[in-house]
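Since this is a predicted model, take the numbers as computed values, not measurements. Naming: A, B, ... by sequence-line order, numbering from 1 per chain.
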There are 2 protein chains.
Amino acid sequence: MSALMDRLMDRFPALRDLECEARRVLEDGARPATLAAGTQLFLDGDPCTAFTLILDGAVRVQKVSESGRRIVLYRVEPGQTCVLTTNALMAAIPYGAEGLAETDLAVAIVPHGTFQRLLAGSDVFRRFVFSAYATRISDLLLLIEEVAFARIDARLAHLLLTRADDSGEVRATHHALATELGSAREVISRQLKEFERQGWVSAARGRVLVRDGAALARLHQGGDGAR
Amino acid sequence: MSALMDRLMDRFPALRDLECEARRVLEDGARPATLAAGTQLFLDGDPCTAFTLILDGAVRVQKVSESGRRIVLYRVEPGQTCVLTTNALMAAIPYGAEGLAETDLAVAIVPHGTFQRLLAGSDVFRRFVFSAYATRISDLLLLIEEVAFARIDARLAHLLLTRADDSGEVRATHHALATELGSAREVISRQLKEFERQGWVSAARGRVLVRDGAALARLHQGGDGAR
DNA sequence: TGACGATCAGTAACTAAGTCACAGTTCCAC
DNA sequence: GTGGAACTGTGACTTAGTTACTGATCGTCA
């Protein structure tokens, strides 16, 4: 087995069950590639030409408004695929958002034709794609709920908790946090100042230290009363 | 062929291509049912037990916040299926929103087992389900973009345009329009007052008459400058 | 090493949107 | 026609996003 297939099987356990024939199709078609951090993988409106499986690194998929504000829809990490890609390939529609390499990437590129053949020929591959769909839709629903109903302080608190490392540190600028939430930098700055005033976090250029995770969690759980 | 299958083929042309065997499975499994307007088909958190195909009528799928605000995610109309149902069935997760019969419904209910058998055995059925997925994901992305970035006046203008009948009339209360947009009744009332002041619409209890569709369209197209 | 540009953060004043607490209006059923 | 329910209007207030700045910090390169 090729080195690429080895890594694929490692990252995507579901593909280990691939039928003989399908495995051969994948092995023939898939091509490895590496991409530098910061690379734009696709833009909103781009056509989609290949199915990409992430082996290492992370892709951020975000929607950009006319005025330049952004909101992160989801991240694609090793072992995951990008619904938008699947979507774009299957329905032959352009991408609905932009994809950005957040770190250096190692990927396996499956050309359109191979993708279609796998979809037509392999139960396992189809299940794999379907289940990726299901997960993302749930994520998108949660996102809609958050954006439509949740207060920005609760959303920020949640974001800080999920992004904090073991020592409670979050490495991100106010601008990056705003992008993540689809909000504006100034809003995040204000909220962080308030959190700091409460003693819940301490902030420094480019990073935020979570001091009282429990307080942030309370905020997120609507202890404050959701809108 | 049974009357139910007749109507299914009529509403879902894609199913006409169903393979012989698959068609028999569907015919054996599908059961007709009717539901009165206002029936709750499922609630957020409910488990999903069957795949439902809408023959006549419309289902509104909406997310409800803790505080009771609602936002319409999408409508399921004749010839469409509900992604959440597919989602819930395939990944065995509960529904992520609530479904409400907006009108009297005629549906075909396909039990879980039949659905799984069709998915496993029929290319046509799989393609049918996949393409429904693809469409909805695009819709949900647009919704996220709207909610996150668009101004409420532009969104309301758009809503009025899409819901107006030939004579420009929209039959809906301010409350209903607010629910549609995930906003609040008072906000809609104020906006409508403003639209009325501009001479773009005229309002009466339970309905809005679009007088200057072009002006509303301009607003929606960000002629006002999106946020 | 210090000057410069770039990135990052703070702030005030303003607009837009959502919330709260009402009051007034219209409709329908009895 | 009366009472209650549904619908609409309004003002005061809070929260969030926008605009237009200023100041702080960093890396770099002459």
Side-chain angles (χ1 to χ4, degrees), chain A residues 38 63-71 145-160 170-198 201-209 219-220 222 224-227, chain B residues 38 64-71 145-159 170-198 201-209 219-220 222 224-227:
Chain A
K63 194 92 189 160
V64 185
S65 80
E66 286 179 40
S67 68
R69 252 169 74 198
R70 280 144 212 266
I71 183 169
E145 181 170 24
E146 261 212 30
V147 173
F149 302 132
R151 298 172 45 119
I152 198 72
D153 54 357
R155 295 178 59 205
L156 178 58
H158 184 210
L159 178 61
L160 291 175
V170 179
R171 298 208 145 270
T173 65
H174 296 184
H175 178 80
L177 294 171
T179 289
E180 198 83 12
L181 299 179
S183 178
R185 205 252 317 154
E186 296 85 334
V187 175
I188 302 302
S189 290
R190 277 203 293 260
Q191 290 295 337
L192 283 176
K193 262 272 158 289
E194 177 60 21
F195 286 1
E196 210 168 1
R197 210 181 60 72
Q198 299 277 353
V201 307
S202 52
R205 187 184 170 95
R207 60 203 180 75
V208 179
L209 184 67
L219 196 56
H220 171 232
D224 197 29
R227 265 196 288 189
Chain B
V64 186
S65 79
E66 287 181 38
S67 68
R69 252 169 74 200
R70 280 144 212 266
I71 183 169
E145 181 170 26
E146 262 210 29
V147 173
F149 302 132
R151 297 173 45 122
I152 198 73
D153 54 358
R155 296 178 58 205
L156 178 58
H158 183 211
L159 179 61
V170 179
R171 298 208 145 270
T173 65
H174 298 184
H175 178 78
L177 295 170
T179 289
E180 198 84 11
L181 299 178
S183 178
R185 202 254 317 154
E186 297 88 327
V187 174
I188 301 303
S189 289
R190 278 202 291 261
Q191 291 295 337
L192 284 176
K193 262 273 160 287
E194 177 60 20
F195 287 0
E196 209 168 2
R197 210 182 57 75
Q198 300 277 352
V201 306
S202 53
R205 187 185 172 93
R207 61 205 180 76
V208 179
L209 184 66
L219 196 55
H220 170 229
D224 197 29
R227 266 197 287 189

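- Rounding to whole angstrom units, CD of residue A:E66 and C1' of D:dG17 are separated by 17 Å.
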### Task
Let me have a per-nucleotide readout for nucleotides 2-8 of chain D, 5' to 3', with B, S or -, counting only protein heavy atoms under 4.0 Å.
----BBB
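- Among the atoms of the strands shown, none is found under 4.0 Å from any heavy atom of A:E194.
- Atom CZ of A:R151 and atom C1' of D:dT14 are 8 Å apart (whole Å).
- Separating the CD atom of A:E186 from the P atom of D:dC21 is a distance of 14 Å, rounded to the nearest angstrom.
- Note on A:Q191: a side-chain N or O is less than 4.0 Å away from OP1 or OP2 of D:dA16.
- Between B:D153 atom CG and C:dG18 atom C1' the separation is 15 Å, expressed in whole Å.
- One atom, CZ of A:F149, and another, P of C:dT19, lie 9 Å apart when rounded to the nearest Å.
- Rounded to whole Å, the distance from CG on A:L177 to P on C:dC8 is 12 Å.
- Between A:R190 atom CZ and C:dA13 atom C1' there is a gap of 11 Å when expressed in whole angstrom units.
- If you take CZ of A:R197 and C1' of C:dG10, they are 16 Å apart, rounded to a whole angstrom.
- Using a 4.0 Å heavy-atom distance criterion, B:E196 is classed as making no nucleic acid contact.
- A heavy-atom distance below 4.5 Å is not found between the side chains of B:V201 and B:L209.
- Taking 4.5 Å as the limit, every side-chain heavy atom of B:I188 sits out of range of all side-chain heavy atoms of B:R185.
- With a 4.5 Å cut-off on side-chain heavy atoms, B:L192 and B:L177 count as touching.
- Across all non-hydrogen atoms, the minimal contact from A:F195 to A:D153 is CZ-O, 3.5 Å.
- Closest of all the heavy-atom pairs between A:F149 and B:V64 is CE1-C, 4.4 Å.
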